[in-house]
Each structure stands twice: as structure tokens, then as C-alpha cells.
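In what follows, a structure is listed as C-alpha cells, so that the remarks can point back to it.
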Amino acid sequence: MLKYIGFRIFQALLGLWFIATLVFILSRSIGDPAEVFTARNSGVDAREIMAAKLGLDRPVHEQYLKFLGQLVRLDLGDSVSNGIPVTQILVERMPATFTLGLVALIFALVFSLPLGVLGAVYRDSAIDWIAKVLAFLGQSMPPFWSGIMLIILFAVVWEMLPPAGKGGWTSYILPGFTLGWGVMAGMVRLVRSSMMDVLDSDYVVMARAKGLPEAVVIGKHALRNALLPVLTYSSLVLGAFMNGSVVVEQVFAWPGIGTSAVQSVVRRDFPVIQGVVIVFGSFFILINLFVDILYAVIDPRIKYTP
Amino acid sequence: MANRLLEVEGLAKHFRGGGNWLTSGGDAIRAVDGVSFHVEAGETFALVGESGCGKTTVAKMILLLERPTRGSISFQGQDVSGFRGGGLREYKRMVQAVFQDPYSSLNPRMQVLDIIGEPLRVHQGLRGRTLRMRVGELLENVGLNPVTASFFPHQFSGGQRQRIAIARALALRPQLIVLDEPVSGLDVSIRAQILNLLVDLQRDLGLSYLLISHDLAIVEHMSHRVGVMYVGKMVELATRDEFYGNTLHPYSNALLASVPKPDPDIPMGTTIGGEVASPINPPSGCRFHTRCPIYLETSMCREVEPDWREILSEHLTACHKVEPAVV
Amino acid sequence: MANTTIQTAVPASAWLVRVRSSLSVARRVPKIPTAVLLVLMIFALFGQWIAPHSPVAVDMANSFAPPVWHEEGTANNLLGTDKLGRDILSRLIRGARVSLSLSLFVIGLGGGVGVALGLISGYAGGKVDAVMQRGIEVILAMPTILVALVFVFAVGRSFESVILILSPFLAARFARIVRGETLSVRERDFVAIAKVIGTPAWMILLRHILPNVFNTIIVLATLEVGHLILLESSLSFLGVGVPPPQPAWGLMVADGREFLTSAYWITLFPGLCILAAVLSLNLFGDWLRDTLDPRRRQL
Amino acid sequence: MVNQNIEDDILLRVEGLKTYFFQRNAVLKAVDGVSFTVAQGEAVGLVGESGSGKTMTCLSLMRLVPQPGARIVEGEIWFKDENLLDITEHEMRAYRGHRMAIIMQDPQTSLNPVYSIGEQVAEPVRLHLKERGQQAMNRVLDALRAVRIPRPEQRLVQYPHQFSGGMRQRVVAAMGLTTQPELLIADEPTTSLDVTIQAQFLRLIRELQQDSGTSVIWVTHDLGIVAQMCDRVNVMYAGRIVESGRVRQIYKEPQHPYTRALLDSVPLMGARRDKLYQIDGQPPDLRSIPQGCPFWPRCPEAMDKCKEQYPPRTSLGGQDFVHCWLTEEGR
């Protein structure tokens, strides 16, 4: 078990290193780095200062080591549009993105688990159809558009909820739901199909043959096994989450990391984008690490196959 | 030596267990650990043993699907590992295989014509009408209608699929066919059809078979000589009559006694306890000593690996407790 | 030779069976999604002759014209116009071309590379496979939209840059799934037999492995087209997709945002188009998967 | 047809059981009118090739046929004096795992991989015997000892993947036998086991059966196992029992051509034959079972009558019977 976790941590570090390297290569390949890291209309002086700061006169591998060293010290440079350190911007905006993600995740789980399980148990019943329709719509609806439609309905027409911005708990409902629905769609289908596979298995027949009530057969013997493949696929779900959050934050003017990424593209603020990519990438890798360890805890078999 | 078609000498295969490209990996699995036997022209040699004894790995090495860790395989007196180019092609022509699962051994996306025709195309470059004719002949040889050449595997039953697999193996007029559990994937009522077909083909075409099986009744029915394996080692080798009439090794005895006799009046023999030992960390000395019914607490069996000795003429075994009758 | 009887495998002749089964399959095609997809394809191919107006013709005098069912609406602009007076319907029809052609380019480029990588990675195994898999995992680990933002930042907005940035992600998704399939097909006995016979490796890949993963590739491609349309429109919405004045659906939604309360039609219809296209592709892909390979319900 | 004088020692009596699979455009008659009895303490074999309906018969007895798709269409299953097809699902649950238990074919898949052995064996104890804590644990330990699992105290907390195939199958047996059921259904429990391990398992089940007087239904295609383990045999073909009789009787004088063919087509150890008797043709497709006797297309002695009408049940004395026109006409 420990060996396995150690190996996974090593793998995660490798992934982090790779992303950092990629960002470095990108920053050095899309034009004069000094220009990339300075504001659009800054003069020759500003560029020269930046060139010195980045050590552009040094060999590439020294620049690279310096870059890595700054990363380890969490120094991501300063924003070129307002001079604030990127780390500070990210730290300020992170909580908004996280809380929104959490709300969306709760939405997604609260709907997808029961719908997926019931859909598999009562195949082709009304609830299975509802689950299917919700899933297909969620998978097919562009989140920026469904978000806008929800704003029209709930904020403009019925005036029940705030249309945008981060305020009280009511401001979480629309963006949370918009982001959660897309994620929920994939999960419902995954839970359902994996539950169906498990329900066909011998050990479920054995559980019934012991005389266990159906609720115990499903809740105890089937569900835990059905969730394993769902966990495996959660990395894909997570990807959908991140893509979605950039878009949803934009639609609802949510003061999170995604919004700042889009803004910095408009302002041509490379250091901020670089920071956001590194943060999102690390976050993704850490979550995957966590999921794998969780998997090992739920599935006793994993401990013996490193 | 003239009639020794295939000769296997001290063959061994160790797999790296567990681990991945970062960790160095666990203990080696000694799947096959020094096995010697030969197959004569026109005979059936059977390799018998329980799961994990290494009999399938031996077959894979002969078929060049696995590379031996040690030992040699020679075909018609020539070392197989030295084959390159033309020699290798010739070997691949002369040695064919039929596997256990008739569903997995035929490509579901290919017509029977292409399945049976593949060896003919690869080796003889047959095309069009000649190919069609030859495949039709082969289908008839195995008792199928030549019309079925345009069908896909899913249109056949298990027994018919196994016939197709046999036809494919016959296509290049090979000398040796490796039969890896050829009927254990089939229904009982179909097995006799395939076994009879195999016996007839051997008689008519002078084929040699290397039969891999765990079913001692089928082995007795099919084979001329028998080798028994236990945890990567050969423990006994004899002609069929000698093996079934005068079993020497206690493991072979246990195997024979374990088969339930289809006669209510013959009671079940005394069987052995314990589990089949693991090839990852095989027992010291004689690998069978942990389950052996005649093992007395002597250090000999526990510590010294028994020699592979000829006890009677053409009857070899590896057991400390068996005294040789010939010198 | 043998005393076995000649047996026919099936009563009907093979081609009859095949014709019959393909007919019964055709009858079960999901009708509405197929129809929607056909219409979209026609729009994409012949849009310039079908569209009543030029999608880019500006007519400031006629801006914010409502759809025909409103009192002020006219039959001239069935679905109304946007703030520059461009005809929504014409823009939607031409937008189909942008979305579909872009997705198909990406499927062709990324999918092709992905299939090749997946086949090689799965068949070769060992170190080649391990290295490729780590690479694929890293690509999959990157948030597509963010990377696209950075990329477009670097090379500028264009049709080509969207294709270039989406292709690696698609290639990674294809490679991963094709590799998994290849791994399982590789272990089947017919591949071992082909090796025994002496069939060369390229022939094993092309004749034995590829045909057996083909169904998966088709299903995956169908579902991924939908996914790509969503991604492309998201990029357009964020302002890093296909540059204006090309009528991309996502861009149209973004354009209409400011006028939500006064001119809802600018946002509503392009969104519905995306929804219809993606939903149809998903339904169709799902049906394909059930038909071609009922065993694997999840991809 | 129904014998009203139910003999006291009959534990299970199945009458005209039919279980069909309903597919989109076909009905699969997996079990098509099966009748047999099991006396108390008796071991009864169900023999036949795959697709003959053995497994579906067993699942029907426990009312566990795959849902949706399969359904028990008609018939009676008398367990002592209660028809299992008349009672509610709730009442049925009191039978499962308490008065009847099952061992399935594949020990690799019949245990839940995410729960420990102890947990899984304890379930029927807690459910049916209402025992908890140390008391339940003792019973589990006893059961594991009874199936000769070494060091049961340590193995209790282990998971299925830490057991070998033979050991898993013992655990499944222990799981079924903790509640001392009256009927044990063994559905090809040794097919995936090695021959020496199979011999151990067969011996174990026979001893347990002798000690507790449990009735056993053995499902198998291995005629050796039937000869060694059973008192009676029922030979199944295409969803029906074509012959039923005492083991000695059937092995000496098989009446039905299919039974005879089965016995002659299998290589026997010690009885060498140059050529095996060969049953030509294929097992029937359950979607289109031939009219008349389903075996006639493969039967060397088929008559015109066989193609038209299913042969009636011909009693051979006692519980023994056969469905064959040859026997029927011959008397």
C-alpha cells in the first residue's frame, strides 16, 4: 500500500514537472520572451529590465533551472497589467472558484448517484427515462448557453435569483447548477452502466441467494463495486469541470480564476495565464492522486498489485 | 535420433513478477524450470499437469511466442533459436497450433476463406481461385461444407469453429501440431467429434501432435507417450501403457486417483491434500514434498532436488523414493 | 477422409443473412437524430445556396428585427436580425459549416494520429507503451480551454489555430481508448495463431487488430464530433475561437448576451442549434454503440 | 399427474417447471416442463451439456432467474408442503440462504471482492439465525473449520483475492452451510478447479452431506462426478429431463439414446476404445427447438413418430422414467 502511494506521488510530481516544462517551452517559443512578459505598449526599457530579470542572456538550461526554482518558491512573477504578483492574484481568486466547484459537485452527486442507481435497478422505468433525458441534455447543452437561458428565466423574467456576481448563497444557485448539470450528465450514465454490469455479476446473485433483502443487495453489495469504475473515470469528469468552470465563471461574471484567465488573454497578460495553467494543472494532478489513493482504500485488491 | 522430430532440452522460462518500469520488480516466476522431452514423428506426446505447472508456457516457447530463459528446442536436429529468414519461415510452416477457445482463436471480422487462407497467402502467395480451391479442400478434410468459406465465425457453433481452426493448422501440411486443450472449450457431446477427427487426421497425414491437457482420460485416449509436469518441472515421462499401468511418481498417482470414475461401483481413490505450490517461490528440494503422501520427514526430499532418472526403459521420473530397475 | 458428416452452418445463404440483418438495422436507426444530422450536413455543404441572405451583410437600418412571429417581424428575416442587421437564419445555416468542418478536420487530424498511436502503443507494449501513456496522461490532464487560451494568445485567432489546438487533445482521447482495445484484442488467440503462422507484424495490425477496434473508432468519432462542437463553440464564446465575421454559433451567443432582455432571439437560436447538433450526435453515437458492440456500454 | 400421497421423505418436488427468456423477437425456452423430486438426504444429479437448462432450473428453484428477460412461466416447486411459486418474495427470502443454499460455477466471481471473507460468511448467520457478535463469529469460524480452511481466525479478515480458487469455493460452501440448509444446489462447483483440488472438494461436500443429512442437487456435465456423488440422475436435453433414474441403473442400462450416447462418447480412463462414439450434429438452438422429440435430428434410432410428437413419460418403476418412443413402443 505504502509502496503504491509512494509510486503514485512520484508519478504526480513527474506530471507537475512536465506541465511546468511545457509552460516554460511555450513562454520561450511564442516570440521574444521579454516582450511576452511585459505589457503591450511598454517601452524598450521595460523590455530590457524584463530580459535581465528572466536572465535571457544566460544559456537556456540556466533560465530553465531559475524558472523551476521560482516555481518551487511559488514565485510566478508579476502581472504585466497591474504589477500585482501573480501568486497574490491567484490566492485571492482561488476561493471563489473552489466554492463554486464544490457547490457544483454537490449538485452533481446529489442528482447523479440516485438517478444512476435507480435507472439501473429499474431499467426502462419512468425514473430511468428521466435520468436519460437529463443526462443527454446535460451532455449536449453548451454551458455558456444554458447559463444564459437560466439567467433569462430566473433572474430576468421571474426575478428570483441574482443574475451574476458573487454575493449571498442565492448567487451560487445558478452558476452551481449550470456547472453541475454538465458534470452530472456524464456521471449518471457512468453510474448506471457500471451498476448494470455489477447487477449481472455472480456475487450479486449470491447475495440474493443468501436471502438478503433487495435494499441490502443493492446498497451494500452492488453499489460499492459499481462506484469503482466511476472513480476511475473521475479524471475525465474533472476535465469537464475545469473547462466548464472557465466558461461558467465568464457567463456569471464570477470572480474566480477562470475569469482572470480570460481577462488576461484580452489584456495579453502572459504571467497570469501561465500561473492559471500551472495551478489548474497541479490541481488536476493532485485530485487524481487523491482519487487513486481513495480507490486503493475502497478496493482491497489494489494493495497487492503495484 | 532420426525419428525425433522435436527435441526439448533443459527448457526454462522465468518471468519477472510484479513491479513496473520504475520499481525493480518482485521475485521471478519460474513458470518452467528445466524440462526435457522429445516428440517422435507420427506420434502424440501429451503434457499433463494442473494449472500453473507450465505446460502452456512450454507450448508457447515451442511456438516461438515466448523466448526461453534457458535450454534449447531443436527441430529435426537443428536448434530453433538459430533459425533466421528462410529457416524460420520453414519452421513456422511445419509447426502449427490449435488453441482451446474456439471463440477467441478465429478473427470475428474475417471470412472463413481468409482465416484458413491466411497461412496460404503468407507462405505460398496463393490468391483468387487457387486459394479458394485449396480452402474448399481443407474444409472438406475437416468435415465442413466448402460453401461455408464465405461465412463469418459467428455463424458457426463451437465445434464447427474448432474444425475451422484445425483446417487452418493443416493448410501448410505441417509436421507438428501443438494442441493446447483442443476440446475443453467444447460441449461434451461435441468433444468426441473433434477427438475422432484429430485421430483420423493423424493416421491419414502422419502428423505429430504435442497435446497439452489436464484431462487424463483424453490423454489416455489420444497419446502415445505422456509427460507429467508439476510446478515447472517434469516429474514423470513414460509411454502411455507404462504410465497408466505402472505409475511411479506419487504426484502422477495422485492425479490418476483424483479423476472421478464414471462408474458408481469404483469408489473414488485417495487423493492428496494441500494446494498446488506456487511457481513464484517453489518449495525447496522436491517441489512436491509439501503435498507428497509418501514423503517421510526425511531431509532428502526437503533439501535435495531429485534427479531426472530413467527407472525402466523409456520410463523416467524424478523422485527419491523410486528405485531404478535399470542401470 | 474423416467419417464426419458434411454440415452447413446456417440454413440461409450468407449474403441473404447479411442483407436481412443490415435491413433490420437500418429500420432501427433513430429517426429524429438522423434527420437533424442530415439537415445539418446539407446546410454545411450547400449553405450558400440555401441561406436567404448573406451571413455577413450588414444592414444597420434593419438591426434587431424580431422573428417572424412577433408583430414587427417580417418574412424577410424569419428568425430576426442581430445588432448589425445580419440575418440570424442565414448566419445559423452558414455556422453549421464552421462547426462541422472544423470538427471533421480535428477528427481527421487528431483522430488519425490518435488511432495510429493507440495501435502502436497497445501492440508494442513495454517501454514504448509506458512512455506514450505517460505523455497521453499529461495531455489529458491539461484543461483544454485554458491551454487553448494560452495557445491563441501566442499564435492569434484563426480557423487553423483552433484545429491545431484541439487536435492533440482529441488524439490523446483516441489513443487512450484505441490502446485499451488493442491490448485486449492483442491477447486474443487469433493474434497468437497469426504469429505462429509467421504473419508479419504490419499485417497483424492491419488485418487482425484494426478491424476489431474499428467499431470502437466509429462510435468514438461520432461522440467526439459532438464534444468538439461544444468545445469549439465554448472557445468562440470566450472570444478565442474562429474569428469574426465568420458566423460561428458560439460567437453568436456571445454577441447576443448584451441584449438578453431586448432581443432574446440572437442568443436563443444559435444555442438551440448547438444543442440539436450535439444531442443528435450523442443519440446517434449511443445507438451505434449499442448496435455495433452491445458489450461495452461505456467508453 | 400430481401424486397426492406425498411421501414423507420427499424434500423437493418440481412439477412441470417452465422458465423462458423473452427476447425482442424470440422466446428462448430454457426450461421447458421439468419435473423431478429430491428426497431428504439424497444427492440428485442434473446432467446435460451447456444450454440444456440445468443452471436455469437451479436459479428457478431459488426464484433468482435473471431480471429482466427471464420469467418462470408455469409449474410448481414444492419444498416440503409449500409451493415456492405461490409465496411472496418476502417469504421466499426466508428460504434463500436458510433452508436452501447454492454454490455457483466460478469461485472467482461468486464472492464480493470488496468485503472480507468473515463479513460475507456471517451475513446469513446474522440474517436468518439472528445471531450477533461473538456468537455469530463462532459460528462463522465453525463453518470455515468444517470446510477445512486452515487458520480460520486469521483468514476471517482477509479478502477473496487472497484465496486460491479451491479455497474460495470452500468459502462459498461455508457461506451456504452455516445455516444448515435442507437443500444445497451445487451448480458445476468444480469445473474451474484443478483435478486434485476438485477431488478434495468432492470429498468435502460428501462428508458434510453425510454428517448433516442435507439433500444436494449436483449440476454437472461430468459423468464421473455424477457416478461418484449422486444417488439419482436426471439427464437434461433442450430444457427437458429426458431420462431419470438411479445412478447404477442408468450407468448399466441407459434407456434414452441420448444418455447412451453421452456415456459412450466420453473417453473413459482404463477403458480404451479405438474410436469414440460420436453424436453428430449440434445441440439445438433454444429459439427453434425441433418439433417432436428435440433429440431426433441427432438420434441414430429416430423414427417418423419422433419427428411429430414429444414422447410421453414412460415409468420405469419407482421414480424412474424416460421420454422416448423406443421404450414406450417396446412395452
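Below, chain A is the first sequence line, B the second, and so on; all start at residue 1.
Side-chain contact between Leu166(C) and Leu228(C) is present, with heavy atoms from C-beta onward closer than 4.5 Å. Contact annotation: the side chain of Arg109(B) never approaches that of His208(C) to less than 4.5 Å [non-hydrogen atoms, C-beta and beyond].
Residues Arg168(B) and Glu118(B) are not paired through a salt bridge, judged by the lack of any N-O separation under 4.0 Å between the basic side chain and the carboxylate.
Neither the backbone nor the side chain of Val178(B) comes within less than 4.5 Å of any heavy atom in chain C. Contacts between Leu63(B) and chain C at a heavy-atom distance below 4.5 Å involve backbone atoms as well as side-chain atoms. Of the atoms belonging to Asp180(B), not a single heavy atom falls under 4.5 Å from chain C. Proximity to chain C is absent for every atom of Arg93(B), based on heavy atoms less than 4.5 angstrom apart.
Heavy-atom pairs under 4.5 Å with chain C peak, among Asn107(B), Val122(B), Val199(B), at Asn107(B).
Closest approach of Gly198(C) to Lys92(B), counting heavy atoms only: CA-CD, 3.4 Å.
Phe152(B) and His154(B) have parallel rings, their planes meeting at less than 30° on a 0 to 90° scale where 60° marks the start of perpendicular.
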